[in-house]
Amino acid sequence: VQLQASGGGLVQAGGSLRLSCAASGRTFSTYVMGWFRQTPGKGREFVAAITGRGANTYYADSVKGRFTISRDTDKDTVYLQMDSLKPEDTAVYYCAGRRATASYRAIVAPSGYDNWGQGTQVTVSS
């Protein structure tokens, strides 16, 4: 699966952005798709994930209630709707995909994914 992320930008605190991740590949519908983010000097941090066909979603505590992950199987695209953005949400955001798994640890860990898109910068000004 090849992934292409887009939708980043500059927004004021309290604003919204929607990130998209377009996928190519026959098995996209069965893949677990995740969003991670990274700031300079830090490792990639789990943000959200969605299992195949959207059966289950997972969120980091820091974004729960503000971010929503969804997928459109017909368009082979995963979205991350980000509302009530805070300056601390500023980071490069990456989408990632992996084969189906029931392991929570594998879903929330960057090492659990073997397909990555390029990053898209999100900057939230105060």
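Bear in mind that the values here come from a model prediction, so they are computed numbers and not experimental data.
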Honestly, is R44 close enough over Y94, meaning NZ or CZ under 6.0 Å from the six-membered ring centre and within 45° of the axis?
->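 So R44 does make the cation-pi contact.
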Quick one: is the NZ or CZ of R37 closer than 6.0 Å to the six-membered ring centre of F46, and within 45° of its axis?
->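 Judged by the rule, R37 and F46 form no cation-pi pair.
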Heavy-atom side-chain contact between [X] and [Y] under 4.5 Å:
| X | Y | answer |
| --- | --- | --- |
| T123 | Q121 | yes |
| S16 | Q81 | yes |
| C21 | M33 | yes |
| W35 | I69 | yes |
| L19 | V122 | yes |
| T39 | T90 | no |

Is the backbone of [Y] close enough, under 3.5 Å, to the side chain of [X] for a donor and an acceptor to pair up by distance?
| X | Y | answer |
| --- | --- | --- |
| T51 | N56 | yes |
| S103 | A106 | yes |
| R98 | G112 | yes |
| T120 | G8 | yes |
| Q12 | V124 | no |
| R71 | F28 | yes |
| T77 | K75 | yes |

Can you measure from [atom1] ([X]) to [atom2] ([Y]) and round to the nearest 0.5 angstrom?
| X | Y | atom1 | atom2 | answer |
| --- | --- | --- | --- | --- |
| S62 | F67 | OG | CZ | 7.5 Å |
| T68 | R18 | OG1 | CZ | 11.5 Å |
| S125 | L85 | OG | CG | 10.0 Å |

More than 12 heavy atoms of other residues, nucleotides or ligands under 6.0 Å from CD of Q2: is that the case?
->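 Atom CD in Q2 is not packed in, count stays at 12 or less.
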Can you establish whether the number of heavy atoms outside K64 located under 6.0 Å from its atom NZ is more than 12?
->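 Result for NZ/K64: enclosed.
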Closest contact, heavy atoms only, V63 versus V47 |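 Closest heavy-atom pair between V63 and V47: CG2-O, 3.5 Å.
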F36 vs Y113 aromatic rings, parallel, tilted or perpendicular, using cut-offs 30° and 60°?
->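 Plane angle over 60°, so perpendicular.
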Hey, are R66 and D89 close enough for a salt bridge, meaning a charged N less than 4.0 Å from a carboxylate O?
->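 Salt bridge flag = yes for D89 with R66.
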